[in-house]
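Let me begin by presenting the structure, written as structure tokens, before commenting on it.
Throughout, a chain's letter reflects where its sequence line sits, starting with A, and its residues are numbered from 1.
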There are 2 protein chains.
Amino acid sequence: MMSNFEAFFDYIQKISGQLLSEDDKDLLTAHFKARKLRKRQYFLQEGDVCKYIGFIVKGSARTFTVDEKGHEHILKLSVENWWLTDFESFYLLTPSRFNIEALEELEILQSTNAEIEEFLKKIPAFSAMSNIISQNNTIAAQKRMQAINYSAEERYEELVSNYPHFLQRFPQNMIASYLGLSSETLSRIKKNALK
Amino acid sequence: MMSNFEAFFDYIQKISGQLLSEDDKDLLTAHFKARKLRKRQYFLQEGDVCKYIGFIVKGSARTFTVDEKGHEHILKLSVENWWLTDFESFYLLTPSRFNIEALEELEILQSTNAEIEEFLKKIPAFSAMSNIISQNNTIAAQKRMQAINYSAEERYEELVSNYPHFLQRFPQNMIASYLGLSSETLSRIKKNALK
DNA sequence: TTGAAGTGATGACTTAAATCAAGAAAATAT
DNA sequence: ATATTTTCTTGATTTAAGTCATCACTTCAA
């Protein structure tokens, strides 16, 4: 179990550029709870308030919505060292429109909004990390907005260059849904790309 | 000129839920510079590092890219009480891929990255505001990602419900570009929506 | 006050991607 | 090992939205 936290502490220190004191580590260890989810198990279901935020130690998950026609749309694919939550629901305590489901056996360290507020106040490295993640989120959001004007090929090429490991790790129909394409279209794009 | 700052101070206090001291206000007044841009004037040109962040006191602007075919794509439309910058370029000091242009006569209060760092350290209300804006950005980014799967009609309906004043304020071809649609398509959608 | 530029509407046509359908291949379970 | 989902491919067809072309209407500037 300790090793889970070591990876977590390393992550905080690396992102923030600051060291955690022993007291900091004790506080985090006391409040972050280790949790395992089996493949296909839900971390969050549509309509529920997302009470937890999870740090992924091992495994992967998808965040998706289901439209009126019953079609699923993946908004996010999450892997190790990423945070797992619906930020809107988590921050505002409103019912979520999203589902979050484990795609592989998932090991996370989870905590609540109130606890996070405490870490932000008491742990400088945690607060610095939070600010940097927000910055990165803002930048990523800016980039994603550009994708509106991209063709199917361009979206795929962008994924290949930004997240090449996703292609190995996730089935093609998940990738297609993440890119907002039908799986048939993605299959054809890959065929053409080989030439 | 003072009135510009009064609106700015009100904004910080409202968003942060905290009061600014006289010292805080003096520090902000000393470092934020009032600037006017005429209609069509550029706040940022593609290839330049975005050295400034501007708080819009009056007027509006668009953030856009130009693709290989010479077509412009609007990523953001900004109005009063919004921040004007390319966050990626501003935070990371990298050359920007965006252009930011005044759509109407524009009055802003602007400052540099280094100065912002100072405000974050010295002014609690400013730091609280920054965190809340980051939260809102993260939430907005999550929402925007959903738009990938939306049809032309759905994107338009979303705009109507979220930013109805944009429809009055900006020409239809700008709105179309912002939604990632051709102006002909938007014209047809509006015609159908009337029925 | 009259061009000129910018904006918006509409019709005809084209194209990118979705949908529908059927098999093949791979992964998982019994 | 074999059945049974699940995933992936390929072809035929449909559909949503883009492109091209033209005309009307408005602003704005000389």
Which part of the nucleic acid does A:Leu186 contact within heavy-atom distance under 4.0 Å: base, sugar-phosphate only, or nothing?
->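 If one applies the 4.0 Å heavy-atom cut-off, A:Leu186 turns out to touch nothing in the nucleic acid.
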
Tell me what B:Ser151 touches on the nucleic acid: a base, only sugar-phosphate, or nothing, going by heavy atoms under 4.0 Å.
->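 The answer is sugar-phosphate, as B:Ser151 gets under 4.0 Å only of primed atoms, P, OP1 or OP2.
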
Does the pair B:Phe32 and B:Phe119 meet the rule for a ring-ring contact (aromatic ring centres under 6.0 Å, His included), with working shown?
-> CA-CA 11 Å; B:Phe32 271 94; B:Phe119 304 142; 5.4 Å; yes

Nearest-nucleotide comparison on DNA chain C, the residue closer to the 5′ end among B:Met174 and B:Thr185 =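 Comparing both residues, the 5'-ward one is B:Met174.
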
Assign each of A:His71 and B:Phe170 to its nearest nucleotide of DNA chain C by heavy atoms, then name whichever residue's nucleotide is nearer the 5' end.
->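 Upstream on the strand: B:Phe170.
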
If you walk 5' to 3' along DNA chain D, what is the first nucleotide with an atom under 4.0 Å of a heavy atom in chain A, and what is the last?
->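 Both ends considered, the range comes out as D:dT7 to D:dA12.
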
Side-chain donor or acceptor of A:Ser134 paired with backbone N/O of A:Ser130 under 3.5 Å =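 Answer holds: yes.
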
Please check if the side chain of A:Asn99 supplies one atom and the backbone of A:Glu46 the other of a donor-acceptor pair under 3.5 Å.
->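 Yes; judged by distance alone, with no hydrogens or angles, the pair exists.
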
Under the criterion salt bridge (charged side-chain N to carboxylate O under 4.0 Å, His left out), which of B:Arg169, B:Arg40, B:Arg38 is the partner of B:Glu104?
->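 Among the candidates, only B:Arg169 passes.
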
Would you say a side-chain N or O of B:Lys191 is under 4.0 Å from OP1 or OP2 of C:dT10?
->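 Yes, within the criterion.
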
How long is the line joining [atom1] of [X] and [atom2] of [N], in whole Å?
{"X": "B:Gln168", "N": "C:dT7", "atom1": "CD", "atom2": "P", "answer": "17 Å"}
{"X": "B:Asn173", "N": "C:dA5", "atom1": "CG", "atom2": "P", "answer": "17 Å"}
{"X": "B:Leu181", "N": "C:dG8", "atom1": "CG", "atom2": "P", "answer": "14 Å"}
{"X": "B:Asn149", "N": "C:dT19", "atom1": "CG", "atom2": "P", "answer": "11 Å"}
{"X": "B:Ile175", "N": "C:dG8", "atom1": "CD1", "atom2": "C1'", "answer": "14 Å"}
{"X": "B:Glu184", "N": "C:dT7", "atom1": "CD", "atom2": "P", "answer": "14 Å"}
{"X": "B:Glu72", "N": "C:dG6", "atom1": "CD", "atom2": "P", "answer": "11 Å"}
{"X": "A:Tyr150", "N": "C:dA16", "atom1": "OH", "atom2": "P", "answer": "18 Å"}

Does A:Phe64 have A:Arg62 sitting over its ring (NZ/CZ under 6.0 Å from centre, angle to axis within 45°)?
->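 Checked: cation-pi criterion met.
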
Connected via hydrophobic side-chain network under 4.5 Å: A:Leu28 and A:Ile116 |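 Yes, because A:Leu28 and A:Ile116 connect within a single hydrophobic cluster, where side-chain heavy atoms sit under 4.5 Å apart.
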
Closest nucleotide of DNA chain D for B:Lys69 versus for A:Ser183: which of these residues is on the 5' side?
->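 Checking each residue's closest nucleotide, the 5'-ward one belongs to A:Ser183.
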
Within-4.5 Å side-chain heavy-atom neighbours: [X] and [Y]:
{"X": "B:Phe98", "Y": "B:Gln45", "result": "no"}
{"X": "B:Leu27", "Y": "B:Lys122", "result": "yes"}
{"X": "B:Gln146", "Y": "B:Glu158", "result": "no"}

So what's the dot-bracket for DNA chain C: Watson-Crick or G-U pairs under 3.5 Å, [ ] if a pair crosses, | if it pairs off-strand?
-> ||||||||||||||||||||||||||||||

Aromatic ring pairing A:Phe166/A:Tyr178, orientation class (parallel under 30°, perpendicular over 60°, tilted between) |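 A:Phe166 and A:Tyr178: perpendicular rings.
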
Where the side chain of B:Pro171 is defined as all heavy atoms beyond and including C-beta, which of C:dG8, C:dA18, C:dT28 is the nearest nucleotide?
->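 That would be C:dG8.
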
